[in-house]
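One structure is given below, encoded as structure tokens.
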Amino acid sequence: MSDDRLLDIWFHRPATPTGTAAARRLGIVVGGSLSEGLRVKLDQNTVVEGMAVGRYVVIHGQTGRRFFSIITDVALDAINPAIEKTPPDTSDRFITQVYQGITTFGRLKVTPMLVLDEGSQEPRPVKTVPAHFSAVYEASEEDVSRVFGAADEQHFYVGTPLDMDNVRVHLNLERFVQRSSGVFGKSGTGKTFLTRTLLAGIIKQGVAVNLVFDMHNEYGWESEGEHRYRVKGLRQLFPGQVSVMTLDPESSQRRGSKVDFIIRIGYDQIEPEDVELLAPLMGLTDVQVGALYFLRRRLGRAWIERLLAEGEAETEGPGELEQILDEGKLHGGTLGAIQRKLGMFRRFDFLQPHVSVDVVGKIMEYLDRGMHVILEFGRYGSTLEAYILVANYLTRRIHERYVQRKEAALGRKGEEPRPLVITIEEAHKFLDPAIARHTIFGTIARELRKYNVTLLIVDQRPSGIDEEVMSQIGTRVTALLDNEADIRAVFTGVSGAGELRQVLARLDTRQQALILGHAVPMPVVVQTRPYGPELYAEVGHEEGEDLQSKLERNVALLRGEQVEGFD
Amino acid sequence: MEIEVGRVIRSSTTRFTVGCRVLQPQVPVFGALVKARAGVEIYGLIYDVRMEDDPFLRQIATVDDLQPEYIEDQRHNRQVPIEVGVLVVGYRHNGEIYHWLPPQPPLSLDVIHTCGPEECVAFTRQFDYFRLVLESRDLPADELLAAHLRYAAQVRGKDKDSFLLDAGRELARLLAMDPIRLDALLGRIRP
């Protein structure tokens, strides 16, 4: 052994100074295709257990191109299939070592995603495959950083790739809000945390205004994380930029959430279209839905109030309803069923016979000022009917105003409404194939950013969402899903991403997500950044301790104990 | 240290036979690497050591009460030589070692020597000659290769294990389709 080597052992000199040169060779490409992914035979010294789906590799092609690829499967293989029937004596270390990597070896399936031409710095989508026997290397941190860019006005740090703690994956938020996006994952996989992080990013970068239908009161004010520590709400992180409205002021008060506005909706403001979306939930048949429109025409704006009133007091003289029945336009049973089913509205305190304030106008006013609106549902969050009714009611009208404004802006330039992102939870209830075609959410998802309104849908059962809507989702942020149908649904409309299914099904249950689509240059599995003090600090929020220490420092300065650093 | 084994009595491109008088403790041994020094150096592995009988030997074998002196005399002054079979596994020309068959076989009466440790190490640095051995189906090829590898490992001293591992891996590659043969062979060279 040379003296140098000895010294290296004692003083542990890093093998090579630069990241690229140190990249470890894993194996060679032995076959495959662009559509189905490449097959890679691992080198003898590559430990198959060290591989993981979702990691990146770089393939050095023959023409100097570098193919960024993602591992989508890891497999064991043998030259001779008979070895499965007559395995060697593995108690003998020598025999095991001989076999390893020669007659039996590891295989990877990798899907090429981007290609970097020789001498170029800008990765492009891949349109070809590297030649046979091209060497496959572990992607270095430098490689991955190059692909995911640096943090700037549009890019927001969302996490680190698997096993690369020093690399940051940045989401292009401008692209993220250009199209509807989705956050998916089984319950308990951190959808809410992910969504909160994304919303914080959107607010910080100011790429759009948010309207959040906050089913479980998790976004506005402090709430409890799964590990029972308290996390800050968006209003706390962005004082003065986020406004919280509520349907249930008592609940907000109990939780100490400061509320700017209490939402009240008048019966006379509800249209049959608002109720139609509830049909599957309320058990309204097609005939009954048709009857709703008829009743609205006959009874006028106060239709619901009158239906509910007559349902209660049948002793009154023959009203218009009797008349309708007499005319034979409506079956008595149908009317009775409608009255019974609408009776649920009485339990919703936020619904009142008459409301003088224009709720939609109020929300629009906030949004126009660039304020982000979070609508807390309080106790109504557990009532899906209330959630859907209100979300649909508001969204329909806000969208309508956006359409009007946008069209007006097309005439006279410069008055475009701010891009709006509407966050809905339990999205499959809104975007069910049976109703998605008729609802405003289906329309918004389909028309992309034509009218500056996009959706951020948060859901645990993407298979329940209309396929056409799913195919229009630009960016998908997906935590663990294990139901086959859900996994399939997430990849609807993503070309060549079928190979990523394995990756998705193998995510950790916590803090890991697969991001693919419009806002990232290639699919990426990230260890999501924690929603905590570091993020608070990045978005400009100062913790109590920081403020305290600042105060002390300033006091010291005023007393002349310190010279510099007044803040 | 090179020891003379004997002289070539029959030869062909793939094998040759060496005649020698007496068995010394170290020479000739099964699996040893030997070379014929004639223009190009031809390397071979000893795959067989054969002692033929002769009429006098047959007679003497039946004698009762055979004196040790007779036995010694018969062993040292043989009528027919001991025949040593050598499988050609390569040659050296202008200092380069080639692991394939030489253009010409050794000539009759060429002297055959054993190879010293350094030469043995130099020859076994590559394993391309394995196939020449493994494909000689009429010979105890596996035994021959195993004996040769054990010897080649021994002369390497402390690098013995890594040498055997590399050789084993090459064998695994060549015999991948015949796991039972591979197993038996690996069992013979296991350190």
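Within every chain, numbering begins at 1; the chains are lettered A, B, ... in the order of the sequence lines, protein sequences first and strands thereafter. A quick note: this is a predicted structure, and the numbers were derived from the prediction, not measured.
Heavy-atom neighbours of B/E4 CD from other residues, nucleotides or ligands within 6.0 Å: above the threshold of 12. Within 6.0 Å of atom CZ in B/R75, 12 or fewer heavy atoms from other residues, nucleotides or ligands are found, so the atom counts as exposed in its surroundings. Shown here is B/R50, whose CZ atom has no more than 12 heavy atoms of other residues, nucleotides or ligands within 6.0 Å. Within a 6.0 Å sphere centred on CD of A/E36, heavy atoms belonging to other residues, nucleotides or ligands number 12 at most. Environment of CD in A/Q44: crowded, with over 12 heavy atoms of neighbouring residues, nucleotides or ligands closer than 6.0 Å. At most 12 non-hydrogen atoms from other residues, nucleotides or ligands lie less than 6.0 angstrom from CD of A/E118.
To the nearest 0.5 Å, atom CG of residue B/D183 and atom CD1 of residue A/I95 are 5.5 Å apart. Between atom CG of residue B/L186 and atom CG of residue A/D92 there is a gap of 9.0 Å, rounded to the nearest 0.5 Å. With values rounded to the nearest 0.5 angstrom, B/L182 atom CG is found 10.5 Å from A/I102 atom CD1. A distance of 11.5 Å separates CD of A/Q97 from CG of B/L164, quoted to the nearest 0.5 Å.
Using a 4.5 Å cut-off between heavy atoms, B/D178 contacts chain A through its backbone alone, with no side-chain atom that close.
When every heavy atom of A/T103 is checked against every heavy atom of B/A176, the shortest pair comes out as CG2-CB, 3.8 Å. Here the closest non-hydrogen pair linking B/P179 and A/Y99 is O-OH, 4.1 Å.
Residue-level contacts of residues 123-132 of chain B with chain A do not occur; threshold 4.5 Å between heavy atoms.
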